[in-house]
A.B. asks: 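Before anything else, here's the structure in question.
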Amino acid sequence: MTQKRVLSGIQPTSDSFHLGNYLGALKQWVELQDGNDAFYCIVDLHALTGEIEPALFRKRTLASAAQLIALGISPEKSTLFVQSHVAEHNQLGWIMECIAGFGEASRMTQFKDKSAKGGADSARVGLFTYPMLQAADILLYQAHFVPVGEDQRQHIELTRDLATRFNSRFGETFRLPEGYILKAGAKIYDLQEPTSKMSKSSGSVAGVLEIMDTPEANTKKIKSAATDAGREVKFDEKEKPGISNLLTIHSSLSGQSISELENEFEGKGYGDFKGAVAEVVVEYLRPIRAKALELLEDEKYLTELLHQGADKARVVASATLSDAYKNLGLVK
Ligand code: AMP
Ligand code: TRP
């Protein structure tokens, strides 16, 4: 097969993905389905490293799946599955932990940042071993490419190091994956603080446009977005971060170029422009939200789709795991 294998994962940690997740990452997942053999994993086991509340956690895993499908991840074109449905992830995860050095794991910046936030005593061991489970996610599928944000670069490097070490000590087992850093995607900023990125954890509630929000709520957020001095609709990230962010959002969803938009709104005020942005966002998200809500109405069908995805994933994952076991000398 000449198709490239693509694998990525996302944590089910919120009720709704936001527009930054979509334009920065998930839109490219959708594009990568064509011409590639794509595996997309809802990494629920990784989410256990944070605070969880069981009923909410369950709901968020299903909501994440429904939104991914509604956004265009097709269960026919790609393999969409839940990590905990494929036990091989934990099994290879342990092998990766036995290959990784304590020192190199200690150097992971995501671990250092997250453990520093809560204090050493509240950091869990799972947060420390998180990157080795992520390496297993990737290596099980012999992925060529791993589309992720810049913040994941170090985890991809570690995955390559672990694969290289395993292959040279125990024989060729894993393909070395390449990061496919999604920097071409638009970076979307908080509507209220347009110099910090749109984010559930650090941003303001009013500054985050959620896929699952009602059209009224999103319209209100856009209409009350922070704007800048002056009244010209011009792209200028330094002097006009608010207007520039709204231009990026409009352009990414409508397909109109920034300069077309600047011309269209020449001589008109911010109010008209925000109205137009709100309409574009709301109309873009309307069918997506409706589709996700429809999928969530029929939980049986949704979980059936995920089980089918897991069955396809397991075929590939179990073949890789049994190679790894054999090469390690585990008795069959
Ligand atoms: P998170 O779980 O919030 O780190 O986001 C999941 C994915 O969405 C990551 O791969 C990020 O690259 C992407 N992402 C998150 N926030 C934004 C943003 N404001 N603009 C662009 N991409 C984003
Ligand atoms: N750590 C990734 C993040 O926080 C999520 C993830 C888990 C992942 N396993 C993966 C991403 C495998 C790519 C491939 O965004």
Side-chain angles (χ1 to χ4, degrees), residues 5-30 32 38-50 60 64 67-68 71 79 81-84 86 89-90 92-93 96 108-111 113-114 126-127 129-160 162-163 177-204 207-211 241 244-245 248-249 252-253 313 317:
R5 184 67 60 71
V6 166
L7 177 128
S8 197
I10 193 153
Q11 294 194 47
T13 43
S14 60
D15 297 332
S16 178
F17 294 129
H18 59 70
L19 204 62
N21 297 136
Y22 176 59
L23 292 174
L26 301 176
K27 190 160 177 249
Q28 301 183 60
W29 286 21
V30 175
L32 285 165
F39 284 68
Y40 295 126
C41 183
I42 298 168
V43 290
D44 56 347
L45 298 172
H46 277 114
L48 293 177
T49 58
R60 287 176 166 177
S64 300
Q67 287 172 76
L68 290 173
L71 286 167
T79 303
F81 67 105
V82 175
Q83 187 185 31
S84 64
V86 181
H89 290 249
N90 298 76
L92 188 64
M96 290 299 130
M108 294 294 113
T109 55
Q110 184 172 304
F111 168 72
D113 291 349
K114 288 196 178 175
L127 202 56
T129 59
Y130 179 117
M132 281 59 83
L133 180 60
Q134 181 168 351
D137 297 341
I138 297 167
L139 299 177
L140 276 175
Y141 299 95
Q142 308 285 1
H144 294 87
F145 294 113
V146 186
V148 283
E150 176 63 39
D151 62 329
Q152 295 298 311
R153 190 190 286 277
Q154 201 187 23
H155 288 168
I156 309 298
E157 280 308 313
L158 176 73
T159 303
R160 289 171 59 88
L162 296 177
E178 275 178 49
Y180 180 101
I181 303 293
L182 301 167
K183 58 172 168 276
K187 184 160 179 194
I188 306 298
Y189 296 89
D190 188 288
L191 297 179
Q192 290 298 324
E193 294 160 45
T195 47
S196 48
K197 78 169 199 174
M198 186 175 284
S199 153
K200 285 292 252 277
S201 46
S202 55
S204 51
V208 178
L209 292 170
E210 301 199 350
I211 310 274
S244 303
N245 188 37
T248 305
I249 291 174
S252 308
L253 298 178

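For ligands, and for the atoms within them, numbers begin at 1 and follow the listed sequence.
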A.B. asks: Just go through N21, T13, I10 and tell me whose heavy atom is the nearest to atom 5 (O) of ligand 1.
C.D. replies: N21

A.B. asks: Hey, which atoms in ligand 1 end up nearer than 4.0 Å to a heavy atom of M198?
C.D. replies: 16 (N), 17 (C), 18 (C), 19 (N)

A.B. asks: Check for a donor-acceptor pair, side chain of Q28 on one end and backbone N or O of P147 on the other, with a separation under 3.5 Å.
C.D. replies: no

A.B. asks: Show the atoms of ligand 2 that are less than 4.0 angstrom away from any heavy atom in V43.
C.D. replies: 7 (C), 9 (N)

A.B. asks: Among all protein heavy atoms in this structure, tell me which lies nearest to atom 9 (N) of ligand 2, with the distance rounded to 0.1 Å.
C.D. replies: D137 OD2, 2.7 Å

A.B. asks: Are H46 and D137 close enough, and set up right, to give a side chain to side chain contact (heavy atoms under 4.5 Å, CB included), and what steps lead you there?
C.D. replies: CA-CA 10 Å; H46 277 114; D137 297 341; 3.0 Å; yes

A.B. asks: State which residue, out of S199, S196, S204, fulfils the side-chain hydrogen bond (donor to acceptor under 3.5 Å, both in side chains) condition with D190.
C.D. replies: S204

A.B. asks: Can you list the atoms of ligand 2 that are under 4.0 Å from a heavy atom of I138?
C.D. replies: 12 (C), 14 (C)

A.B. asks: Please list, in number order, the atoms of ligand 2 under 4.0 Å from a heavy atom of L7.
C.D. replies: 12 (C), 14 (C)

A.B. asks: Just to confirm my output: which protein heavy-atom neighbour is closest to atom 5 (C) of ligand 2, and how far is it?
C.D. replies: G9 O, 3.7 Å

A.B. asks: Which atoms from ligand 2 have a heavy atom of H46 less than 4.0 Å away?
C.D. replies: 7 (C), 9 (N)

A.B. asks: Counting both backbone and side chain atoms, is some N or O of H155 under 3.5 Å from an N or O of ligand 2?
C.D. replies: no

A.B. asks: Taking only heavy atoms of V148 into account, list the atoms of ligand 2 that are under 4.0 Å away from them.
C.D. replies: 11 (C), 13 (C)

A.B. asks: Check whether any side-chain N or O of E178 sits under 3.5 Å from a backbone N or O of H144 as a donor-acceptor pair, and report yes or no.
C.D. replies: no

A.B. asks: Given S8, A25, S14, S199, identify the one with the heavy atom nearest to atom 13 (C) of ligand 1.
C.D. replies: A25

A.B. asks: With a heavy-atom distance limit of 4.0 Å, tell me whether I10 approaches ligand 2 through its side chain, its backbone, both, or neither.
C.D. replies: neither

A.B. asks: Any luck finding a side-chain donor-acceptor pair between Q110 and D151 under 3.5 Å?
C.D. replies: no

A.B. asks: Hey, is the main chain of S16 close enough, under 3.5 Å, to the side chain of K200 for a donor-acceptor pair?
C.D. replies: yes

A.B. asks: Is there a polar contact between ligand 2 and Y130, counting only N or O atoms under 3.5 Å apart?
C.D. replies: yes

A.B. asks: For ligand 1, which part of E150 has a heavy atom less than 4.0 Å away: the side chain, the backbone, both, or neither?
C.D. replies: neither

A.B. asks: For ligand 2, which part of V146 has a heavy atom less than 4.0 Å away: the side chain, the backbone, both, or neither?
C.D. replies: side chain

A.B. asks: Identify the closest protein heavy atom to atom 8 (C) of ligand 2: which residue and atom is it, and at what distance?
C.D. replies: Q134 NE2, 3.5 Å

A.B. asks: Taking Y141's backbone N and O only, do any of them form a donor-acceptor pair with R5's side chain (distance below 3.5 Å, no angle check)?
C.D. replies: yes

A.B. asks: I'd like to know if the side chain of N245 and the backbone of Y189 have a donor-acceptor N/O pair within less than 3.5 Å.
C.D. replies: yes

A.B. asks: Backbone N or O of P177 within a donor-acceptor pair of the R160 side chain at under 3.5 Å?
C.D. replies: yes

A.B. asks: Checking Q67 side chain against I211 main chain: does a donor-acceptor pair fall under 3.5 Å?
C.D. replies: no

A.B. asks: Q152 to ligand 2: N or O pair under 3.5 Å?
C.D. replies: yes

A.B. asks: For I188, is the nearest heavy atom under 4.0 Å from an atom of ligand 1?
C.D. replies: yes

A.B. asks: Determine whether the side chains of H18 and E210 contain a donor N or O and an acceptor N or O closer than 3.5 Å.
C.D. replies: no

A.B. asks: Using distance alone, decide if ligand 1 has a nitrogen or oxygen within less than 3.5 Å of any nitrogen or oxygen in V148.
C.D. replies: no

A.B. asks: Donor-acceptor pair, R60 side chain versus T13 backbone, under 3.5 Å?
C.D. replies: yes

